[in-house]
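Reviewing the structure listed below.
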Amino acid sequence: MDKFSVTLLPGIVKLYKCTRNEFQKIVKHRFYDITKDILCQTMLDDEITFYFHVLETNAASHAVFQSICVYDPRSYRAIDIHEDMPGIDHVGIIYQISKRFVEKQIPILYINTYGHNIVLVLEEYLPRAFDVLKEIAYVS
């Protein structure tokens, strides 16, 4: 596989999980701005996970989410993986990244959308993660 490109997205990401019933409370009261606050949202069975940007303007939203949802108190950084083809045409990219991160004992959470491959890394692992990425990718 050819070398790919990676970009560190600005800001910190927090993770929240709720049920569909709890999600209805959040939607009903519009506790967040989906265009600014949410990096990604996944829904599977009765679990809805929010990958939430930490911004100066959304502290109140975080307080509400923390009162309704289960949340991870740790902070993550999002790394965007670039290739020239969107969709499901990326053969081996997850393997290339995860193999190297496993070797260095760096835990990651991988999110894939149609046009983006995003790796979430705990903030404390970010320097080590970028050392690995510099070996296998173009870092911008």
Side-chain angles (χ1 to χ4, degrees):
M1 183 174 87
D2 292 331
K3 217 171 185 184
F4 48 90
S5 298
V6 298
T7 302
L8 180 65
L9 298 178
I12 294 170
V13 176
K14 294 282 191 174
L15 306 181
Y16 295 94
K17 178 189 78 84
C18 67
T19 65
R20 288 185 184 271
N21 188 37
E22 292 163 336
F23 178 65
Q24 292 303 319
K25 294 177 195 175
I26 292 168
V27 170
K28 180 180 174 184
H29 298 289
R30 300 179 190 213
F31 289 128
Y32 66 97
D33 180 346
I34 195 163
T35 64
K36 292 186 285 189
D37 298 335
I38 305 298
L39 171 67
C40 184
Q41 174 180 312
T42 58
M43 301 172 124
L44 185 61
D45 296 327
D46 195 36
E47 178 183 308
I48 300 170
T49 302
F50 296 92
Y51 307 90
F52 206 112
H53 283 289
V54 175
L55 305 168
E56 290 179 16
T57 57
N58 65 9
S61 296
H62 285 281
V64 170
F65 269 72
Q66 288 175 8
S67 71
I68 295 173
C69 302
V70 173
Y71 65 96
D72 186 340
R74 301 172 293 179
S75 295
Y76 292 83
R77 295 299 306 268
I79 302 168
D80 194 5
I81 311 298
H82 309 278
E83 281 194 303
D84 58 355
M85 294 292 296
I88 59 171
D89 297 322
H90 305 132
V91 177
I93 194 167
I94 296 171
Y95 174 77
Q96 286 286 3
I97 294 167
S98 62
K99 175 184 171 216
R100 297 299 297 273
F101 280 26
V102 165
E103 291 169 356
K104 301 293 183 179
Q105 299 290 302
I106 302 169
I108 60 172
L109 178 59
Y110 194 81
I111 305 168
N112 192 14
T113 69
Y114 181 78
H116 296 273
N117 298 286
I118 297 173
V119 174
L120 292 183
V121 177
L122 284 166
E123 232 179 356
E124 65 194 71
Y125 290 99
L126 190 62
R128 287 175 42 203
F130 261 87
D131 288 344
V132 168
L133 290 170
K134 287 175 188 172
E135 296 173 10
I136 62 173
Y138 301 109
V139 178
S140 59

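Just so it is clear, the values below take in all heavy atoms, side chains as well, and ignore hydrogens, waters and symmetry mates. Residues: numbered from 1 along the sequence shown.
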Practice problem: Report the C-alpha distance between Ile48 and Ile26 in whole Å, list the side-chain angles of each, state the deciding distance to 0.1 Å, and finish with yes or no for side-chain contact (heavy atoms from CB on, under 4.5 Å). | Solution: CA-CA 11 Å; Ile48 300 170; Ile26 292 168; over 6 Å; no
In one Ile/Leu/Val/Met/Phe/Trp/Tyr side-chain cluster, 4.5 Å: [X], [Y]:
{"X": "Val54", "Y": "Phe52", "answer": "no"}
{"X": "Phe50", "Y": "Val27", "answer": "yes"}
{"X": "Ile94", "Y": "Ile118", "answer": "yes"}
{"X": "Val102", "Y": "Val132", "answer": "no"}
{"X": "Phe65", "Y": "Ile34", "answer": "yes"}

Self-check item: Carboxylate-amine/guanidinium proximity below 4.0 Å for Glu22 and Lys25
Solution: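 Salt bridge flag = no for Lys25 with Glu22.
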Practice problem: Apply side-chain contact (heavy atoms from CB on, under 4.5 Å) to Leu133 and Phe101, showing your working. | Solution: CA-CA 9 Å; Leu133 290 170; Phe101 280 26; 4.0 Å; yes
Self-check item: Non-hydrogen side-chain atoms of Asn58 and Lys36 separated by less than 4.5 Å
Solution: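 Asn58 does not reach Lys36 side chain to side chain.
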Closest approach of [X] to [Y] (non-hydrogen atoms, all atoms of both residues):
{"X": "Gln105", "Y": "Tyr125", "result": "O-CE2, 3.7 Å"}
{"X": "Ile97", "Y": "Tyr110", "result": "CD1-CE1, 4.4 Å"}
{"X": "Cys40", "Y": "Ile111", "result": "SG-CG2, 3.6 Å"}
{"X": "Glu123", "Y": "Arg77", "result": "CG-CG, 3.7 Å"}
{"X": "Leu120", "Y": "Tyr51", "result": "CD1-CD2, 3.6 Å"}
{"X": "Ser75", "Y": "Lys14", "result": "OG-NZ, 3.3 Å"}

Exercise. Mark yes or no for whether Asn117, through its side chain, and Asn112, through its backbone, hold a donor-acceptor pair below 3.5 Å.
Key: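 Such a contact is absent between Asn117 side chain and Asn112 backbone.
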Quiz item: Where does the angle between the aromatic ring planes of Tyr16 and Tyr71 fall among parallel (under 30°), tilted (30 to 60°) and perpendicular (over 60°)?
Solution: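 Rings of Tyr16 and Tyr71: tilted, 30 to 60°.
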Self-check item: The single option from Leu126, Ile12, Leu15, Val119 passing side-chain contact (heavy atoms from CB on, under 4.5 Å) against Tyr76
Solution: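 That would be Leu15; it is the only one of Leu126, Ile12, Leu15, Val119 passing the side-chain contact (heavy atoms from CB on, under 4.5 Å) with Tyr76.
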Practice problem: Go through the steps for Lys99 and Glu103 under the test side-chain contact (heavy atoms from CB on, under 4.5 Å), then give the verdict. | Solution: CA-CA 6 Å; Lys99 175 184 171 216; Glu103 291 169 356; 3.6 Å; yes
Practice problem: With side-chain contact (heavy atoms from CB on, under 4.5 Å) as the test, would you mind laying out the steps for Glu47 and Thr49 before giving the verdict? | Solution: CA-CA 6 Å; Glu47 178 183 308; Thr49 302; 3.1 Å; yes
Quiz item: Mind checking what makes salt bridge (Lys or Arg N to Asp or Glu O under 4.0 Å) contact with Arg74, not counting sequence neighbours?
Solution: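 Once residues adjacent in sequence are excluded, the partners of Arg74 under the salt bridge (Lys or Arg N to Asp or Glu O under 4.0 Å) criterion are Asp72.
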Give, for atom [atom1] of [X] and atom [atom2] of [Y], the distance between the pair rounded to the nearest 0.5 Å.
{"X": "Arg100", "Y": "Glu135", "atom1": "CZ", "atom2": "CD", "result": "4.5 Å"}
{"X": "Ile108", "Y": "Leu122", "atom1": "CD1", "atom2": "CG", "result": "11.0 Å"}
{"X": "Ile106", "Y": "Ser98", "atom1": "CD1", "atom2": "OG", "result": "12.0 Å"}

Quiz item: Can you name the side chain to side chain contact (heavy atoms under 4.5 Å, CB included) partners of Leu44, sequence neighbours left out?
Solution: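 Per chain and number, Leu44 pairs via side chain to side chain contact (heavy atoms under 4.5 Å, CB included) with no residue.
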